[in-house]
Number of protein chains: 2
Amino acid sequence: MKTELDAGDERPTLKTIAFLTGLGVTTVSRALKNGPEIGEETKERVRQIAKQVGYRPNRAGVRLRTGKTNVISLILNTEEGSMGLVSEMVYGITEVLAETPYHLVITPYSLSDPMEPVRYIVETRSADGVIISRTEPKDPRVSYLLDHNLPFATHGRTDMGVIHPWHDYDNESYAYNAVKLLAERGRRRIALSGPPPHLLYARHTARGFERAMRDMKLDIFPLNAMNVDSPAEAIRRDGREIGLSADRPDGIVASSAMSALALVGGLEEAGLKIGRDIDIVTKQSISFIGWYKPEILTIREDFRTAGRDLAKSVLAWIDGADPATLQHLVGPEASI
Amino acid sequence: MKTELDAGDERPTLKTIAFLTGLGVTTVSRALKNGPEIGEETKERVRQIAKQVGYRPNRAGVRLRTGKTNVISLILNTEEGSMGLVSEMVYGITEVLAETPYHLVITPYSLSDPMEPVRYIVETRSADGVIISRTEPKDPRVSYLLDHNLPFATHGRTDMGVIHPWHDYDNESYAYNAVKLLAERGRRRIALSGPPPHLLYARHTARGFERAMRDMKLDIFPLNAMNVDSPAEAIRRDGREIGLSADRPDGIVASSAMSALALVGGLEEAGLKIGRDIDIVTKQSISFIGWYKPEILTIREDFRTAGRDLAKSVLAWIDGADPATLQHLVGPEASI
DNA sequence: AAACGTGTCTGTAACGTTACAGCTTTAGTG
DNA sequence: CACTAAAGCTGTAACGTTACAGACACGTTT
């Protein structure tokens with residue numbers, strides 16, 4: 001035998017509050033939504049009781065009725081690399097969502113079908129917004145989501161002439177500052193070990209690198225084909241070769257902590273001493289290089305801020321903000 | 001004007017299929033669940049049509065009606081450390097969930113209130129199962145979840161005389177093998193830089209370490225108070241001191257890649273050469289040490305397998321399996 | 001005095017699903 | 001031939017929420 005008052009184990013619903021206040025269920029609903037057609041005094045009373053019984057709206061009920069899922073989906077590539085990217089970004093996102101009714105759902109995909117998760121989310125309407133990482137210059141997921149009116153934000157920019165929220169690390173500025181750091185240490189023959197060339201930020205990095213080299217009148221030391229996505233063994237081998245060759249750079253700008261470590265591994269194997277014979281600059285998200293090998297110069301890239309930023313942008317878009325205002329380029333200076 | 005046939009943009013529901021087959025909604029529901037009271041031929045027909053129209057059950061509908069959320073929640077500490085733990089574990093979990101209707105929701109917490117997320121999940125019944133990391137020997141979350149009959153699995157064991165699914169890396173075996181590795185290289189004075197002593201696996205590690213030292217008749221070199229959770233700078237400083245002192249170990253077993261790197265940093269600063277003057281063994285989850293500094297000896301700890309395992313265990317418990325059968329101790333040998 | 005607002009509140013229906021209690025139809029039994 | 005059992009199917013109600021179309025009381029206007 002179960003009465004309305006028998007709070008017991010049952011979770012309170014609108015009905016519970018309606019019974020407790022003597023009001024109708026509709027009134028309670030409107031009151032908690034602060035609707036204009038409810039008297040101020042009544043609203044206060046309802047809020048009090050709701051608080052007392054620990055009322056929490058039933059997500060399934062809301063979702064079924066309104067279609068609002070209160071879910072943000074983070075789409076992750078399971079082959080993803082950058083050390084700490086996933087954890088830091090996830091933490092950044094949850095930090096923002098914590099103060100909202102939103103939950104974070106992780107939707108993975110393999111490189112074999114990058115469209116699968118977005119299609120799933122759109123077809124089953126299982127999220128109100130989406131965060132995409134590893135953005136491609138022409139990213140089919142972006143057009144698809146735009147076509148289907150699902151708010152999203154990308155980590156990294158696109159190059160397809162469409163407007164959408166994004167957050168990007170200012171790699172041009174990073175490369176520029178990295179070169180400056182090396183120049184300040186008297187380095188003059190500098191090489192760039194950049195990102196995979198098909199990604200847009202490779203272009204940004206190269207631009208910053210080249211501009212700095214011109215500004216400071218240094219010599220670009222060309223590195224063939226090596227990039228940050230190469231297998232670590234290959235990078236290490238490259239480092240070794242560079243170290244052994246007579247004609248070599250005295251400074252290297254790397255685009256990821258992993259590749260920098262592999263490079264350093266190779267260079268040291270060849271007998272070079274970092275900081276004396278050659279200097280290396282790299283980005284890092286979680287600071288571990290500093291207390292391990294302080295000779296490696298680092299500039300910070302903050303993935304947690306990226307996560308926070310992306311989450312805020314998606315939420316803002318969902319709430320009707322203009323996507324054009326939700327684009328953030330964050331430089332190293334902002335997150336040191 | 002909207003007819004049932006007007007598939008258009010509308011998502012198909014049971015009603016759609018009912019209309020298309022001429023059956024009742026209930027029948028369709030039962031048919032798709034392969035209920036015994038429906039004729040084989042009808043079931044087949046329903047399945048066909050369902051497939052054709054791309055029917056996917058509405059999660060909110062199911063959840064509202066049955067209470068089943070089809071959600072597994074991963075509870076993460078936002079101050080979490082171990083490099084790659086989060087991403088690898090998340091990938092492992094999603095890999096298993098991908099073949100099920102379950103979604104993965106990330107629920108974060110800060111150390112200031114570890115109970116908050118479990119309480120939230122239980123009170124709002126927002127997940128069918130929970131995965132806990134950073135398990136404490138006496139973990140209040142474990143008792144709470146047991147009390148409230150919510151299936152879960154822990155990463156790491158507990159020591160509270162209760163039965164529940166867990167997955168643990170066999171740190172005893174790790175430490176034993178690590179010592180063996182050092183002994184094979186002729187090292188005789190070996191130190192342990194273990195986990196924070198209040199965690200259970202510190203005990204396991206110590207046990208394996210000590211057993212190996214006895215078995216191989218080696219000298220334990222005591223290290224004061226240093227552990228893996230110390231700030232990296234402190235570990236580095238310790239490494240440096242060890243390196244400078246005349247009376248020092250010739251081998252160290254470390255319990256995390258981070259601490260090993262910091263140690264090596266300090267040792268090298270003191271002028272020691274790894275592999276010649278001293279050997280270090282560490283666990284690593286994502287193999288980056290190997291191609292960076294192969295002189296550091298590594299034994300693999302596979303967080304992706306841990307994730308897979310934990311996910312499978314929670315699902316099994318949800319499906320009524322006996323929790324006592326869902327406890328897995330995974331040794332290094334299993335995941336090399 | 002009738003009509004009209006206006007400020008509060010209410011009931012009904014619907015979102016998609018499934019448990020449950022029926023309802024036919026057909027075959028089998030005595 | 002009546003009676004029962006089984007097989008196969010159906011309708012109703014409910015999960016918790018909110019949009020919508022009222023309803024009622026009161027004061028104000030015409």
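Values reported hereafter were calculated over all heavy atoms of this structure, with side chains retained and with hydrogens, waters and symmetry mates removed. Chain identifiers are assigned alphabetically (A, B, ...) following the order of the sequence lines, protein sequences preceding nucleic acid strands; residue numbering begins at 1 within each chain.
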Side-chain donor-acceptor pairs under 3.5 Å in residues 32-41 of chain B, sequence neighbours left out?
| residue | atom | partner | partner atom | Å |
| --- | --- | --- | --- | --- |
| B/N34 | OD1 | B/K43 | NZ | 3.0 |
| B/E37 | OE1 | B/R30 | NH2 | 3.2 |
| B/E40 | OE2 | B/R47 | NH2 | 3.3 |

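For B/T27 (side chain) and B/L23 (main-chain N/O), no donor-acceptor pair under 3.5 Å exists by modelled atom type. For B/R308 (side chain) and B/Y91 (main-chain N/O), no donor-acceptor pair under 3.5 Å exists by modelled atom type.
Only A/G22, A/L23, A/G24, A/T26, A/T27, A/E37, A/I38, A/G39, A/T42, listed by number, bring a heavy atom of residues 21-43 of chain A to less than 4.0 angstrom from any atom of DNA chain C. Applying a 4.0 Å cut-off to non-hydrogen atoms, the residues of residues 47-72 of chain A that approach DNA chain C are A/L64, A/R65, listed by residue number.
Across A/V90, A/V86, A/V130, a single residue satisfies side chain to side chain contact (heavy atoms under 4.5 Å, CB included) together with A/L74, and that is A/V90. Here the options are B/V71, B/T107, B/V105, the test is side chain to side chain contact (heavy atoms under 4.5 Å, CB included), and the partner is A/H103; only B/V105 passes.
Here the closest heavy-atom approach between residue A/P12 and residue A/Y55 is recorded as O-CD1, 3.5 Å.
Using a 4.5 Å cut-off on side-chain heavy atoms (C-beta onward), A/T124 and B/R11 make contact. Side-chain contact between A/L200 and A/T158: absent, with no pair of heavy atoms (C-beta onward) separated by less than 4.5 Å.
Here D/dC15 presents its P atom at 14 Å from CZ of B/R125, a figure rounded to the nearest Å. Atom CG in A/L14 sits roughly 13 Å away from atom C1' in D/dC15 (whole-Å rounding).
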